[in-house]
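Accompanying notes for the structure given below.
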Amino acid sequence: MANKYERSRLIPDQDVDTLLYLTPPATATICRSLRITNTNSTRAEVTVTQEDEDGNINVKILDQHVIAPRSEYDALNGVPLNLMAGDLLSALSTASGVHFYLSYVEVDRN
């Protein structure tokens, strides 16, 4: 079982729920950090949702969390988030120009 250190970057369109990360088959993922940067001069509200592979369970990691102008926030705040094969993370922002940066480790389960 090999570990791969990876990252995913996203700048979603305003008010569009966008896929940030999808856990590959036969893989477990440990998310270490989800840094969100608001590059705008106005505040932004962000929502980050985790969904299981069947789409049956949606968990809000952040729900309409306010990010101040020209500031950043770590949504995981040092607490790892474990994802299983097929789980996904999506991001939504009320403003364009909000950057999402996910740092994670993929663990091959074969």
Side-chain angles (χ1 to χ4, degrees):
M1 296 191 343
N3 293 344
K4 294 189 326 185
Y5 295 84
E6 300 282 349
R7 67 178 174 354
S8 181
R9 299 165 291 184
L10 174 67
I11 305 172
D13 291 334
Q14 181 177 347
D15 294 324
V16 177
D17 196 17
T18 307
L19 179 68
L20 174 61
Y21 177 76
L22 174 63
T23 308
T27 302
T29 301
I30 303 165
C31 301
R32 306 278 299 153
S33 173
L34 175 54
R35 183 167 301 281
I36 304 167
T37 304
N38 182 2
T39 63
N40 298 295
S41 58
T42 58
R43 72 182 212 149
E45 289 182 18
V46 297
T47 298
V48 177
T49 305
Q50 183 268 322
E51 184 176 312
D52 73 355
E53 66 180 324
D54 299 325
N56 295 329
I57 299 175
N58 293 326
V59 175
K60 300 288 186 193
I61 306 302
L62 285 179
D63 189 17
Q64 298 177 337
H65 183 83
V66 175
I67 308 290
R70 304 211 186 284
S71 67
E72 57 188 42
Y73 178 76
D74 187 347
L76 301 182
N77 199 24
V79 179
L81 173 67
N82 297 322
L83 302 175
M84 303 309 290
D87 288 356
L88 63 86
L89 289 177
S90 62
L92 175 68
S93 173
T94 59
S96 60
V98 175
H99 300 223
F100 292 81
Y101 188 97
L102 178 68
S103 297
Y104 57 92
V105 178
E106 288 183 344
V107 180
D108 184 354
R109 297 191 66 183
N110 287 323

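Note that these values count all heavy atoms, side chains included, but never hydrogens, waters or copies made by symmetry. Source: prediction; values computed, not measured.
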Under 3.5 Å, side chain of [X] to main-chain N/O of [Y], donor-acceptor pair present?
X	Y	value
Arg109	Thr27	no
Thr29	Thr23	no
Asp108	Ala2	no

Assigning hydrophobic clusters by single linkage (Ile, Leu, Val, Met, Phe, Trp, Tyr; side-chain heavy-atom cutoff under 4.5 Å), is [X] placed with [Y]?
X	Y	result
Leu76	Leu20	yes
Val48	Leu10	yes
Leu22	Leu102	no
Val59	Ile36	yes

Does any pair with a residue in residues 88-103 pass side-chain hydrogen bond (donor to acceptor under 3.5 Å, both in side chains), and if so which ones, sequence neighbours excluded?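 Qualifying pairs: Asp17-Ser90.
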Do [X] and [Y] have side chains that approach each other closer than 4.5 Å (heavy atoms only, starting at C-beta)?
X	Y	answer
Leu89	Phe100	no
Ile67	Val98	no
Ile11	Thr39	no
Thr18	Asp13	no
Leu81	Leu34	no
Lys60	Thr47	yes

Evaluate the criterion side-chain contact (heavy atoms from CB on, under 4.5 Å) for residue pair Asp87 and Asn82; output intermediate values, then yes/no. CA-CA 9 Å; Asp87 288 356; Asn82 297 322; over 6 Å; no
What is the minimum heavy-atom distance between [X] and [Y], and which atoms define it?
X	Y	value
Ala95	Ala44	CB-CB, 3.9 Å
Leu62	Ala75	CD1-CB, 3.6 Å
Ala68	Ser71	O-OG, 2.7 Å
Pro80	Ile30	CB-CG2, 4.0 Å

Just checking, is any N or O donor in the side chain of Asp74 or Ser33 under 3.5 Å from an acceptor N or O on the other one?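 Yes - a donor-acceptor pair under 3.5 Å links their side chains.
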Are more than 12 heavy atoms, taken from residues, nucleotides or ligands other than Asn77, located less than 6.0 Å from that residue's CG atom? no
Knowing that exactly one of Glu106, Glu51, Gln50 qualifies, which makes a side chain to side chain contact (heavy atoms under 4.5 Å, CB included) with Leu83? Gln50
By ring-ring contact (aromatic ring centres under 6.0 Å, His included), Tyr21 pairs with (sequence neighbours left out) Tyr104
